[in-house]
Amino acid sequence: MADRYDPSSFESKWQERWKDADLFVTREVPGRPKFYGMDFFPYPSGAGLSVGHCRNYVPTDVLCRMKVMQGYNVLHPMGFDAFGLPAENEAIKQKSHPAPMIEKYAANYRRQMDLVGISYDWSRSFASSDPDYYKWTQWIFEILHKRGLAYRRLAAVNWDPVDKTVLADEEIIGGRAERSNAIVEKKWIPQWFFKITEYAERLLNDLDELDWPEGIKAQQRNWIGKSEGVQFRMQVAFISDEEFKKAWGGQAVSTTPETRDELKELVAEIEASGFKPEVDSLTAAKAANLVANAEKAAFDANRPIESESVTHAFESASVKAGLEFVPKERSLSFEVFTTRIDTVFGMTFCVLAPEHEIVDKIRGSVSPEFKAKIDEYREQAKLLSDTARTATDREKTGVFTGAYAVNPANGKPVPIWIADYVLAGYGTGAIMAVPGHDQRDFDFAVKFGINVIPVIKPTQEYLSAFFEDGGKGYDEMLAAYQSDVTRFNPVFESKDSTLINSGEYTGMSVQEAQASLGRWVEALDIGTRKTQFKLRDWLISRQRYWGCPIPVIHTKDGEEQLVPEDCLPVLLPDVDNYEPSGDGSSPLAHIPDFVNTTDLDGRLGQRETDTMGGFACSSWYFLRFCDPHNDSKAWNLDQANYWMPVDCYVGGAEHAVMHLLYARFWTKVLFDEGLIKVKEPFARLENQGQVLAHTPYRKPRADERLDVGEDGILVSFKEAESIPEEDLIWRWARMSKSKGNVVTPDEMVREYGADALRIYLLFVAPFNADIEWKNEGVEAAARFLSRVFRFVEEAKPHFVENWADLIAFEELDETAQGIRRATHKTIRDVTKDIDAFGFNTYISWLMKYLNALNDAKCVAKAAENRGVALAVSEAIETIILLLSPAAPHSADELWDNIGKEMFTYQAEWPKFDEALTVESESTIAIQVNGKLRDTVTVPADISEEALTEAAKSTPKISALLNGLTVRKVIVVPSKLVNIVAN
RNA sequence: GCCGGGGUGGCGGAAUGGUAGACGCGGUGGUCUCAAACACCACUUGGGUUAAACCAGUGCGGGUUCGAGUCCCGCCCCCGGCACCA
């Protein structure tokens with residue numbers, strides 16, 4: 001055997017033996033715990049794998065291999081996400097059919113994964129484009145449809161004029177298509193959606209129980225975007241300019257004293273009655289009467305009730321009497337959503353999205369000048385692309401409609417504007433604008449000269465930022481603030497304060513006011529407290545060929561029928577021309593044999609021709625892996641319930657939202673359907689860091705301009721050689737075919753070996769950190785492996801096969817004990833770090849261990865001492881087994897060389913003995929007043945008193961303490977002594 | 001702007017509130033060699049010293065503590081995500 005790591009002499013040999021032995025086939029031995037470790041479903045690209053992919057697969061492989069050795073039943077599958085745009089585009093480019101092309105690429109992926117020694121169970125592999133698989137994707141679509149979670153509607157979609165397809169919102173970056181980089185246009189066509197919004201609350205709440213990176217969970221929470229507030233109705237009033245001025249110029253409209261007294265009496269009566277309507281129908285009737293009177297009084301006074309106590313009366317009366325309020329007939333109204341109902345008294349205008357339907361009605365009732373302005377603005381808004389409309393730092397635009405809305409809180413009219421900073425698709429598409437406490441409204445109000453009223457008392461801290469001298473008193477600053485709020489920019493948005501200028505709510509805390517006004521709005525039946533989500537329904541329609549067909553038949557009557565389960569799958573027809581039609585319809589729509597069919601009643605019908613986006617296919621593949629070849633079911637319940645959830649799911653952070661959210665959604669639906677026992681598919685998630693490669697760019701020439709965000713013009717490595725040094729810019733960029741900076745596992749394996757590549761990837765940095773690729777690092781890894789080979793080679797002559805039976809009976813000297821201590825500590829640390837995804841420290845423990853063995857001269861000593869020979873034998877086995885997950889080829893080669901049968905994969909993972917990790921002596925740090933001054937080595941079991949004495953009496957310390965009085969001594973056992981003295 | 005993650009030697013990075021810099025790369029010196037490469041051994045945070053002592057030190061400024069890279073408060077910078085979401 002070699003005394004160095006010579007991968008070409010054994011790596012492929014072991015790969016063949018593993019294959020011949022079906023080593024990685026999933027085993028389900030009864031009585032053992034299970035472990036499901038999985039990598040993200042890859043799309044098999046024609047470029048093949050880069051070392052960046054290996055940074056994902058190798059660590060998962062290490063964990064799974066350790067779990068197998070620890071006696072777990074391990075499911076470690078791999079398949080291919082074959083459907084979708086990238087494959088189709090590639091096939092079009094190559095003028096081939098995607099199916100055989102994908103098969104070829106997947107085979108190449110598999111070859112490369114095997115080359116690196118990943119322990120996938122290939123017997124469970126499949127591609128999402130296999131009819132055996134997508135039959136069940138369609139079956140799940142039908143479950144969703146039956147549960148009312150799949151529906152079709154006309155929708156404005158993102159149209160990519162280059163790929164000639166519809167894109168999901170998430171596939172657009174800055175107004176451009178992520179893939180083709182084309183500027184996205186709008187187009188209206190019927191689309192299929194999944195109603196993921198129905199699961200928003202559960203998708204949000206269940207994040208708490210997941211062992212996922214905080215950042216990913218935060219991104220999902222942000223994406224779901226829950227906000228709680230109040231939605232209420234505002235009446236439209238068509239009043240004159242003069243009337244508007246009068247309303248604001250004169251005294252504030254307020255409840256007449258008589259009405260107020262009447263209301264107070266009502267409250268007293270309601271409170272006195274004690275309300276037990278369920279047992280007392282008389283009281284209920286009385287309550288009904290009181291409430292009706294209260295409502296009448298409120299409306300007669302032409303304003304709502306402000307008093308908190310009356311509000312309570314309304315509230316309790318309505319709840320306890322089980323009453324329904326019938327609001328007064330209102331002519332024209334719209335709803336607004338706000339999270340800051342506490343600022344309602346500060347409303348000075350309203351804004352409608354230009355697309356809001358009520359704008360049509362308003363338009364019909366205002367003077368021609370306003371009508372013209374409204375039309376002009378709406379036209380403008382329509383033409384603006386989404387990019388332009390959502391550009392950062394864009395000046396606010398908008399026009400006054402000429403109409404007013406009535407603030408229900410104080411009865412005052414406020415102008416209604418239309419502006420595109422209000423989005424039609426969120427909330428109600430209309431807002432109450434409070435420029436005093438909302439920055440956007442403030443910017444708008446200042447630009448258009450709209451009144452700003454402060455209604456939340458700003459804090460001292462906020463105000464003093466606007467005063468240079470800072471010496472002013474709070475009251476003085478507050479007075480200045482109140483007299484001209486527009487000077488105070490940015491606005492005071494904090495909720496940690498109390499109300500001002502808010503009628504009877506003045507003085508309440510924001511929280512109290514929110515609760516109180518919320519109840520009041522509900523009692524008055526002009527609105528409700530409501531939860532809004534940013535999350536939108538999931539658009540799945542793709543007007544492309546290479547996807548899973550949607551199993552729906554449209555009947556002549558326009559009815560949607562699901563294809564019966566026994567007729568699934570709806571097969572993708574085998575055709576020559578699958579290029580996009582370019583008119584927005586799917587290529588399938590132009591294949592009569594596919595489209596024309598009969599419906600369930602035997603009449604002529606038409607098949608749905610849209611296909612599902614790729615995210616549908618990857619939303620359940622983890623379930624199929626549990627039972628991949630079942631041809632009568634999507635999965636066997638027992639199988640799925642045994643393996644699920646995925647215990648550790650590993651992949652890139654770029655799928656933070658879409659894939660993971662969709663897969664969670666499907667799992668929840670399937671849970672509701674009783675098809676799986678878990679509510680969440682992925683118990684633990686880990687994101688690997690990216691691999692960056694040194695990439696050459698050059699400075700732009702005089703006639704060239706850089707796009708936004710570009711630092712230089714990409715050049716090939718070849719070009720770079722002929723460019724002068726000073727014009728070159730080297731940057732670390734993500735490996736990609738287009739950048740020409742890809743390092744492949746093939747070349748790394750050829751040059752350094754698979755195990756060296758694996759060790760480097762594990763060791764170079766923490767798992768989730770980005771790394772800068774350096775070949776020297778792989779060399780260093782190979783050197784380490786060579787040191788292991790040399791150690792085993794040198795120690796082998798002293799190897800005692802049955803050391804484990806003998807070691808307990810041998811008197812062990814200090815060296816032997818030291819070796820065992822290092823062995824058992826290493827087992828402890830390695831095991832813990834692999835579980836914790838600390839692969840870089842896993843490798844460093846092994847390096848440290850090997851250094852310790854060499855430093856102890858244990859090989860030389862083993863020749864003379866039986867105890868040392870036994871300890872060394874244990875060390876040889878241990879280091880090979882601990883190395884096995886990271887460098888499985890080398891481990892098996894070494895294992896074979898010390899005369900072991902079978903594979904390390906089948907061996908038992910070493911266990912550590914706590915007692916053996918304990919040091920006999922320890923080096924104690926001695927501090928004086930918290931500063932390290934000396935160290936002392938003492939027996940591990942020394943008493944605190946003896947340790948203190950030992951610490952005080954070292955030459956250095958006694959000299960330092962000379963003349964000082966010891967005030968206090970802190971002893972941390974086996975760590976340090978801190979002497980406080982002065 | 002908001003959310004999340006970071007900031008430690010020349011570099012990648014280690015450090016349950018307890019000896020900062022494990023492990024590796026690079027560098028310096030040495031052994032081997034005719035020589036080089038490989039390999040091996042030693043040293044390698046900065047200042048200081050013949051050597052030590054000693055001083056400084058984990059983005060910046062405060063604080064808590066016997067003791068802070070680690071905890072708290074206030075900033076700065078970098079990376080990722082979201083971005084007029086009412």
Side-chain angles (χ1 to χ4, degrees), chain A residues 3-4 174 213-223 225-227 229-231 336-341 343 350-351 353 389-394 396 419-423 425-434 437-441 443-444 490 493 532-536 653-654 656-657 687 689-690 759-760 763-766 768-772 774 776-777 779-781 783-784 786-787 790 829 838 840-851 854 923-935 956 959 967-981:
Chain A
D3 63 350
R4 67 188 176 90
E214 271 316 308
I216 302 287
K217 290 208 262 186
Q219 277 184 58
Q220 293 218 350
R221 287 193 187 101
N222 187 26
W223 190 262
K226 178 179 179 173
S227 55
V230 172
Q231 187 166 316
V336 296
F337 175 73
T338 180
T339 55
R340 292 299 301 270
I341 191 68
T343 63
C350 279
V351 187
R389 193 170 156 171
T390 57
T392 47
D393 295 339
R394 182 168 163 255
K396 295 237 174 340
D420 63 11
Y421 83 90
V422 171
L423 309 174
Y426 181 79
T428 61
I431 60 160
M432 67 168 209
V434 182
H437 304 285
D438 182 286
Q439 192 63 41
R440 296 157 302 188
D441 298 343
D443 295 342
F444 192 85
E493 283 186 324
Q532 281 288 348
F533 294 94
K534 279 201 265 186
L535 183 70
R536 308 293 157 81
E654 67 274 11
V657 177
N687 299 124
Q690 296 180 23
I759 295 274
Y760 169 66
F763 178 64
V764 62
N768 56 14
D770 290 352
I771 63 164
E772 296 169 353
K774 287 183 181 129
E776 303 90 85
E779 285 173 34
R783 268 205 296 276
F784 162 65
S786 282
R787 286 202 295 273
R790 189 172 334 110
D829 295 337
N840 56 334
T841 48
Y842 154 44
I843 301 301
S844 69
W845 291 127
L846 291 183
M847 291 173 167
K848 191 176 178 163
Y849 180 39
L850 185 65
N851 291 346
N854 287 331
T923 304
I924 304 292
I926 309 170
Q927 298 182 340
V928 176
N929 293 331
K931 284 199 173 187
L932 180 73
R933 294 299 178 185
D934 202 1
T935 59
K956 266 191 187 174
R967 304 288 173 192
K968 194 175 175 185
V969 178
I970 289 123
V971 179
V972 182
S974 74
K975 290 270 165 136
L976 65 64
V977 176
N978 186 12
I979 301 160
V980 184

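No experiment lies behind these values; they were computed from the predicted model shown. Lettering follows sequence order; numbering is per chain, from 1.
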If the glycosidic angle sits within 90 degrees of zero it is syn, else anti. Tell me which applies to B:rG6. anti
Interatomic distance, [X] atom [atom1] to [Y] atom [atom2] [nearest 0.5 angstrom]:
| X | Y | atom1 | atom2 | result |
| --- | --- | --- | --- | --- |
| A:S227 | A:Q532 | OG | CD | 6.5 Å |
| A:T343 | A:D441 | OG1 | CG | 8.5 Å |
| A:Y842 | A:M847 | OH | CE | 11.0 Å |
| A:N929 | A:N978 | CG | CG | 7.0 Å |
| A:R221 | A:E214 | CZ | CD | 6.0 Å |
| A:K396 | A:D420 | NZ | CG | 9.0 Å |

Which part of the nucleic acid, if any, lies within reach of [X] when heavy atoms closer than 4.0 Å are counted: base, sugar-phosphate only, or nothing?
| X | answer |
| --- | --- |
| A:N851 | sugar-phosphate |
| A:P490 | nothing |
| A:V764 | sugar-phosphate |
| A:Q927 | base |

Could you label the plane-to-plane angle of the A:Y426 and A:F337 rings as parallel, tilted or perpendicular, counting under 30° as parallel and over 60° as perpendicular? perpendicular
Closest approach to the side chain of [X], judged atom by atom: which nucleotide of [options] is it?
| X | options | value |
| --- | --- | --- |
| A:T935 | B:rA86, B:rU19, B:rG12 | B:rU19 |
| A:V422 | B:rA39, B:rC23, B:rA86 | B:rA86 |
| A:R783 | B:rA86, B:rC25, B:rC66 | B:rC25 |
| A:S844 | B:rA86, B:rA22, B:rU19 | B:rA22 |
| A:K848 | B:rG24, B:rC23, B:rU19 | B:rC23 |
| A:A780 | B:rG12, B:rG81, B:rC25 | B:rC25 |
| A:T923 | B:rC82, B:rA22, B:rU19 | B:rU19 |
| A:M847 | B:rC54, B:rU19, B:rG24 | B:rG24 |
| A:N840 | B:rC11, B:rC25, B:rA14 | B:rA14 |
| A:R790 | B:rC84, B:rC66, B:rA39 | B:rA39 |

Just to confirm, is there a sub-4.0 Å distance from OP1 or OP2 of [N] to any side-chain nitrogen or oxygen of [X]?
| X | N | value |
| --- | --- | --- |
| A:K931 | B:rA56 | yes |
| A:R221 | B:rC82 | no |
| A:T841 | B:rA22 | no |
| A:R787 | B:rC38 | no |
| A:R933 | B:rC54 | yes |

Length of the [atom1]-[atom2] vector between [X] and [N], whole Å:
| X | N | atom1 | atom2 | result |
| --- | --- | --- | --- | --- |
| A:D934 | B:rU19 | CG | C1' | 11 Å |
| A:Y426 | B:rC84 | OH | C1' | 12 Å |
| A:L932 | B:rC66 | CG | P | 19 Å |
| A:Y849 | B:rG24 | OH | P | 16 Å |
| A:F784 | B:rC25 | CZ | P | 11 Å |
| A:E772 | B:rG12 | CD | C1' | 9 Å |
| A:Q219 | B:rG80 | CD | C1' | 8 Å |
| A:I843 | B:rA14 | CD1 | P | 14 Å |

For [N] and [M], measure between their [atom1] atoms and round to the nearest Å.
| N | M | atom1 | answer |
| --- | --- | --- | --- |
| B:rC3 | B:rC11 | P | 32 Å |
| B:rC32 | B:rC38 | C1' | 11 Å |
| B:rA20 | B:rC54 | P | 13 Å |
| B:rA52 | B:rG62 | C1' | 36 Å |
| B:rC23 | B:rG30 | C1' | 24 Å |
| B:rG24 | B:rC41 | P | 10 Å |
| B:rG9 | B:rG59 | C1' | 15 Å |
| B:rG69 | B:rG17 | C1' | 11 Å |

Note: for A:D770 and A:F533 on RNA chain B, the residue whose nearest nucleotide lies more 5' is A:D770
RNA chain B: A:I216 or A:F337, which has the more 5' nearest nucleotide? A:I216
If you write RNA chain B from 5' to 3' in dot-bracket form, with Watson-Crick or G-U pairs under 3.5 Å, [ ] for crossing pairs and | for pairs with another strand, what do you get? (((((((..(((.....[....)))((((((.......))))))(((......)))..(((((..]....))))))))))))....
Donor-acceptor under 3.5 Å (A:Q220 side chain, A:A656 main chain): yes
Do A:R340 side-chain atoms and A:E493 backbone N/O form a donor-acceptor pair below 3.5 Å? yes
Please confirm whether any donor atom in the side chain of A:K396 sits under 3.5 Å from an acceptor in the base of B:rC84, or the reverse. yes
Using a cut-off of 6.0 Å, state whether more than 12 heavy atoms not belonging to A:R967 lie near its atom CZ. yes
Cation-pi check for A:F533 against A:K226: NZ or CZ below 6.0 Å from the six-membered ring centre and within 45 degrees of the axis, yes or no? no
